[in-house]
Amino acid sequence: MTLSNLVFAVILAGGFWMFVPQAQRLVRWLKLARPEDRTDHPDIRTKNFVLIGLAQSKILRDPFGGLMHALVFWGFCVLGLGTLEIWIQGLYTPFTWGVILPRFLYVPYVFSQEIFAVFVLMPVGYLLYRRLVLKPRRFTVDAVHSGEAVLILGVIATLMITLLLVFVGEAMQPGADRVGRPITALLLPLFRGMSPETAHIMARVCWWIHAVLILWFLNHLPKSKHLHVLTSLINVWFSNTSGPGRIGAMKPMDLEAEDAEQFGAADIEHLSWKNLLDGYSCTECGRCTAACPANITGKVLSPRMIMVKTRARLTEKATVIDAVAAAGGAVTETQQAVLDKHLLDDWITEEELWACTSCRACVQECPVSIDQLEIINELRRDLMLMESRFPEELQPALTSLERNGSPWAFSAADREQWAEGMNIPTMAEMAAAEEKPDILFWVGCAGSFDDRAKKITVAFARILQAANVKFAILGQEETCHGDPARRMGNEYLYQMLAKGVIETLDGYAVKTIVTFCPHCFHQMGKEFPDLGGHYEVIHHTEYIERLLAEGRVPLDTEHGQRLKVAYHDSCYLGRYNEIYDAPRNTLKKALPIVELVEPKRTKSRGMCCGAGGGRMWMEENVGKRVNVERSEELLATGADQIAVACPFCMTMINDGVASTGREVPVFDISEIVASKLAEPAGSA
């Protein structure tokens with residue numbers, strides 16, 4: 001072993017000696033949180049790992065910037081083998097993979113190292129240009145670590161440049177093997193005139209810079225935002241945001257657990273270890289904040305800052321806990337002050353939490369499958385269940401849910417008024433006649449009480465009747481399933497209402513439910529199973545599409561004017577349940593001459609109407625109204641009509657369009673189909 005090998009061995013050992021305790025510290029801090037099993041469905045998790053983690057499918061949603069990041073990631077994966085070679089060379093200078101690998105493998109390896117060094121260097125140049133010159137909004141909306149990002153990009157660029165210079169220096173030695181080195185061949189003319197001795201010195205200096213810089217980078221990661229380099233792949237595997245599980249389903253809560261003292265989360269120990277791992281994995285790229293409707297319209301909520309603050313609070317509190325443990329349990333006054341603080345209020349404010357519309361745009365956009373919404377939901381649960389703190393305007397809706405089984409203060413006796421004269425049986429009437437319907441038409445609270453939404457109810461019922469579907473409603477037995485209460489954080493009220501609905505449904509042995517409300521559709525189909533309710537729940541756009549495909553809906557498509565229609569995606573239908581095509585297909589089948597136009601933000605990148613997460617019952621006093629922003633986007637398409645598939649969206653978009661002074665009508669998909677129903681034979 002040479003002196004050089006000995007020095008490098010000391011540096012390498014020192015690098016890992018410093019890194020290992022940092023890694024152990026990060027794992028120890030995760031244990032401060034609640035345990036949670038994230039090992040189910042290993043097949044789906046592995047699929048996510050490959051598609052989202054390795055193939056970078058989510059980051060590639062941004063075609064150019066995403067490709068640049070993906071190239072850096074793939075480059076680091078390929079160059080990792082080269083890093084290992086460099087470290088072994090540091091300990092034993094003659095080593096190369098060529099000693100082990102046969103030539104037909106070694107040449108491609110050398111080729112890949114050169115090519116990917118360029119593949120990393122070029123995107124890094126673009127990413128620096130974008131961050132320093134272009135400055136897109138998502139990089140500037142929050143006070144995050146932009147300086148550190150520039151530093152790390154500079155380090156990565158230095159690593160690639162030194163690596164290429166090592167290759168050049170080695171290639172300039174007498175008898176050097178240059179096979180498989182196209183980049184070196186391109187660079188060699190730049191060094192014409194340099195002696196082999198000087199080239200050797202250049203190569204050795206660059207080798208040392210490269211080798212030591214990698215060790216510095218490794219030790220910098222645990223205490224920087226670039227920790228995601230180490231944790232993002234792990235985070236993707238443990239994620240539930242892209243399946244397995246039910247996408248967007250809120251975490252179950254056992255309200256009857258004997259040892260339960262905390263409901264929801266006020267601080268980091270009330271969150272799960274996965275929530276904290278999300279904090280480790282946040283790249284601070286800002287894609288979540290750029291897609292957040294609240295942030296876009298000027299509210300204080302920034303999903304990125306939810307993660308940054310969660311990570312910062314963990315670091316603050318865990319550091320003190322470590323110090324106290326090292327001191328044998330003695331707590332100073334300053335340390336106690338830190339321990340007494342909370343993630344809620346001291347780091348994340350109520351205003352941020354209540355600005356959330358629960359649209360899941362942040363979760364959808366995160367390239368490493370972070371679930372910002374889960375933390376918001378847990379903090380809301382603490383506010384509601386532990387402290388009874390919530391906006392005053394939510395009180396009437398919560399009171400009505402408790403007293404009337406509906407967020408609106410209407411009597412249950414009025415629930416089926418919309419059906420007067422339509423000869424629609426209730427489940428009770430069918431049971432009395434010893435009959436069973438093919439489907440239960442779940443009307444929902446909006447469809448039962450809201451005058452505008454009741455027109456949708458009637459339209460869909462007319463379609464069912466025209467298609468000769470044997471269906472029934474619950475009538476006065478139907479109550480709210482509690483989704484609004486759950487999204488507001490009142491899990492107790494939610495479970496009380498949901499269990500009541502499940503008892504009613506099970507009492508009639510209901511198997512299949514069709515509803516036009518995406519909130520009802522999601523709640524009963526995806527979240528009821530946690531309470532023992534298992535049903536096939538179909539959204540009416542899918543059901544109408546099915547009926548149309550079977551030719552069961554008699555339509556008059558020969559008359560009517562050519563229309564330009566813009567469809568607004570409901571968050572709970574689209575991002576929560578990935579239903580994007582059924583509404584569009586239904587429109588095209590019902591109106592063959594329709595011209596569908598898409599707004600700027602559409603499908604999985606569609607913008608929320610502003611009503612989700614309990615916002616339907618709250619005033620919007622800060623910034624621009626979300627529904628106005630969305631309505632302006634829809635109107636910008638030049639559409640003659642706007643189509644929706646959600647009663648909440650109907651209200652919000654109607655109001656938004658009206659606020660602009662335009663008179664573009666807004667219809668539900670079922671209303672458009674019902675308007676084309678053929679008159680029964682002999683009715684003319």
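These numbers were taken from a predicted model, which means no experiment stands behind them.
The minimum heavy-atom distance between A397 and M488, with the atom names listed, is CB-CE, 4.3 Å. Smallest separation of non-hydrogen atoms from E527 and Y494: O-OH, 3.9 Å. For the residue pair W354 and R389, the shortest heavy atom distance occurs at CZ2-O, 3.9 Å. Considering all non-hydrogen atoms of both residues, A566 and T637 come closest at CB-OG1, 3.6 Å. Among all heavy-atom pairs drawn from E545 and A582, the shortest one is OE1-CB, 3.5 Å. Counting all heavy atoms, side chain and backbone alike, V594 lies closest to L587 at CG1-O, 4.0 Å.
Side-chain atoms of R381 never come within 3.5 Å of backbone atoms of G264 as a donor-acceptor pair (strictly under, hydrogens ignored). A donor-acceptor contact shorter than 3.5 Å is absent between the side chain of H69 and the backbone of G66. Between the side chain of K58 and the main chain of C366, a donor-acceptor pair closer than 3.5 Å is present. Within the 3.5 Å criterion, the main-chain N or O of A485 finds no donor-acceptor partner in the side chain of N490. Under a 3.5 Å cut-off, the side chain of K309 and the backbone N or O of I348 do not form any donor-acceptor pair. Using a distance-only test at 3.5 Å, with no hydrogens or angles considered, no donor-acceptor pair links the side chain of N275 to the main chain of L271.
Comment: K251 does not engage E378 in a salt bridge, judged by the lack of any side-chain N to carboxylate O separation of less than 4.0 angstrom. Contact check on R380 versus E350 returns no salt bridge, with no Lys/Arg side-chain nitrogen under 4.0 Å from an Asp/Glu carboxylate oxygen. A salt bridge does not link K299 to E352: none of the charged nitrogens lies less than 4.0 Å from a carboxylate oxygen. Looking at E365 and R605, a side-chain N of the basic residue comes within less than 4.0 Å of a carboxylate O on the acidic one, giving a salt bridge. Between D483 and R487 there is a salt bridge, with a side-chain nitrogen of the basic residue lying less than 4.0 Å from a carboxylate oxygen of the acidic one.
When the shell of 6.0 Å around NZ of K455 is examined, it contains 12 or fewer heavy atoms from other residues, nucleotides or ligands.
The aromatic rings of F460 and H540 stand perpendicular to each other, their planes meeting at an angle above 60°, with 30° marking the opposite boundary.
Counting heavy atoms from C-beta outward, L398 and W617 have side chains that stay 4.5 Å or more apart. With contacts defined as side-chain heavy-atom distances shorter than 4.5 Å, the pair P367/R287 qualifies. Between C282 and H228 the shortest side-chain heavy-atom distance does not fall below 4.5 Å. Put simply, the side chain of L555 reaches to within 4.5 Å of the side chain of V673, judged on heavy atoms. Here the side chains of D640 and V664 are not in contact, with every heavy-atom distance at 4.5 Å or above. For the pair M650 and D450, the minimum side-chain heavy-atom distance is 4.5 Å or more. Residues M422 and Q465 have side chains in contact (heavy-atom distance under 4.5 Å, counting atoms from C-beta outward).
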Mind running ring-ring contact (aromatic ring centres under 6.0 Å, His included) on Y126 and F64 for me, showing each step along the way?
CA-CA 10 Å; Y126 166 74; F64 192 71; 4.7 Å; yes
Given L474 and T479, is the side-chain contact (heavy atoms from CB on, under 4.5 Å) satisfied, shown in steps?
CA-CA 9 Å; L474 279 170; T479 64; over 6 Å; no
Residue pair L353, L344: steps toward the side-chain contact (heavy atoms from CB on, under 4.5 Å) verdict
CA-CA 10 Å; L353 299 176; L344 179 61; 3.6 Å; yes
Would V565 and I642 satisfy side-chain contact (heavy atoms from CB on, under 4.5 Å), going step by step from the backbone distance to the final call?
CA-CA 6 Å; V565 178; I642 295 172; over 6 Å; no
Worked check of side-chain contact (heavy atoms from CB on, under 4.5 Å) between E478 and S448:
CA-CA 10 Å; E478 185 181 298; S448 298; 4.0 Å; yes
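When the options K603, R584, R601 are evaluated for a side chain to side chain donor-acceptor pair (under 3.5 Å) with D569, the one that passes is R584.
Residues that satisfy the side chain to side chain donor-acceptor pair (under 3.5 Å) test with D581, not counting sequence neighbours, are absent from this structure. Residues satisfying the side-chain contact (heavy atoms from CB on, under 4.5 Å) test with A466, not counting sequence neighbours, are P554, L677. Taking E632 as the reference, K624 meet the side chain to side chain donor-acceptor pair (under 3.5 Å) condition, with sequence neighbours excluded. In terms of the side chain to side chain donor-acceptor pair (under 3.5 Å) criterion, residue partners of W347 (sequence neighbours excluded) are, by chain and number, E316. Take N377 and apply the side chain to side chain donor-acceptor pair (under 3.5 Å) test, not counting sequence neighbours, and it matches no residue.
To the nearest 0.5 Å, atoms NE2 (H568) and CE (M607) are separated by 9.5 Å. With values rounded to the nearest 0.5 angstrom, H519 atom NE2 is found 8.5 Å from M616 atom CE. The line from CD1 of I669 to CD1 of I463 is 10.0 Å long, rounded to the nearest 0.5 Å. Atom SG of C362 and atom CG of L301 lie 7.5 Å apart (nearest 0.5 Å). Note that SG of C609 is 11.5 Å distant from CZ of R615, once rounded to the nearest 0.5 Å. The OG1 atom of T310 sits 9.0 Å away from atom CG of D278, with the distance rounded to the nearest 0.5 Å.
A donor and an acceptor atom, one from each side chain of N404 and S406, are nowhere located under 3.5 Å apart. Counted by atom type alone, S675 and E671 present zero donor-acceptor pairs between their side chains at under 3.5 Å. Looking only at atom types and distance, the side chain of S302 has a donor-acceptor partner in the side chain of T289 under 3.5 Å away. A donor-acceptor pair shorter than 3.5 Å can be found between the side chains of N235 and K274.
For F516 and H539, the gap between ring centers reaches or exceeds 6.0 Å.
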Scan the side chains in residues 573-580 for donor-acceptor partners under 3.5 Å anywhere in the protein, sequence neighbours excluded, and list what turns up.
residue : atom : partner : partner atom : Å
R575    : NE   : C359    : O            : 2.9
R575    : NH1  : S604    : O            : 3.1
R575    : NH1  : G606    : O            : 2.8
R575    : NH2  : G606    : O            : 3.2
Y576    : OH   : S358    : O            : 2.6
Y576    : OH   : Y572    : OH           : 3.4
N577    : OD1  : K526    : NZ           : 2.3
N577    : ND2  : H522    : ND1          : 3.3
N577    : ND2  : Y572    : O            : 2.7
Y580    : OH   : G574    : O            : 3.4
Y580    : OH   : R575    : N            : 3.3

